[in-house]
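What you are looking at is a predicted structure, and each value in this text was computed from that prediction instead of being measured.
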Amino acid sequence: MRFKELNPLLHSPLRLAIMSILVSSESADFNYIKEQTGATSGNISVQLDKLQSAGYISIEKHFKGRKPCTTCRITQEGVSQFEEYVTAIQSYLK
């Protein structure tokens, strides 16, 4: 039996956690992602940039009053890649 290759971009625990949050909620703000993952702001920023560069998420920056707010949304490509990753993991578990 030949296993599917795991997507190296999604194989990172923090990027996988971010994608899991977004696939279940469609969008989330930066602070929610930080709260849920327990990661540092700097680490989350780096991982979000990588996911955005790959086309897996979109990032919208705006203000709520005077406070900056960053909202992340999973793209259709991100959903597809996440589903492929889950299928690949399942093939290892069979």
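Here the side chains of L22 and Y56 are not in contact, with every heavy-atom distance at 4.5 Å or above. Using a 4.5 Å heavy-atom cutoff, the side chains of C72 and I33 are in contact.
Distance check, rounded to the nearest 0.5 Å: CD of E35 to CG of D29 gives 8.5 Å. Put simply, NZ on K34 and OG on S45 are 9.5 Å apart, with the number rounded to the nearest 0.5 Å. The structure places NZ of K61 at 4.0 Å from OG1 of T70, a figure rounded to the nearest 0.5 Å. The structure places CG of L14 at 8.5 Å from OG1 of T40, a figure rounded to the nearest 0.5 Å. Summarising the geometry, atom NE2 belonging to H62 is positioned 13.0 Å from atom NZ belonging to K67; distances are rounded to the nearest 0.5 Å. For the atom pair OG1 (T37) and OH (Y32), the distance works out to 10.5 Å, reported to the nearest 0.5 Å.
Scanning both residues, Q52 and I59, for their nearest heavy atoms gives OE1-CD1, 3.6 Å. Between C69 and K64 the shortest heavy-atom distance is SG-CE, 3.9 Å. Closest approach of S41 to F30, counting heavy atoms only: O-CZ, 3.5 Å. Nearest heavy-atom pair across I74 and M19 is CD1-CE, 3.6 Å.
Under the ring-ring contact (aromatic ring centres under 6.0 Å, His included) criterion, Y92 pairs with F3, sequence neighbours left out. By the side chain to side chain contact (heavy atoms under 4.5 Å, CB included) test, S58 is found to be paired with R73, T75, residues two or more places apart in sequence or in another chain being considered. Among residues two or more places apart in sequence or in another chain, the side chain to side chain contact (heavy atoms under 4.5 Å, CB included) test is passed with V86 by F82, Q90. Applying the side-chain hydrogen bond (donor to acceptor under 3.5 Å, both in side chains) rule to E83 yields no partners; only residues at least two apart in sequence or on another chain are considered. Qualifying side-chain hydrogen bond (donor to acceptor under 3.5 Å, both in side chains) partners for D49, counting only residues two or more places apart in sequence or in other chains: none. Residues meeting the side-chain hydrogen bond (donor to acceptor under 3.5 Å, both in side chains) test with K50, sequence neighbours left out: none.
In this structure, the side chain of S24 engages the main chain of I21 through a donor-acceptor pair within 3.5 Å.
The closest side-chain donor-acceptor pair between N43 and Q47 falls under 3.5 angstrom. In this structure, a donor-acceptor pair under 3.5 Å is absent between the side chains of E84 and N7.
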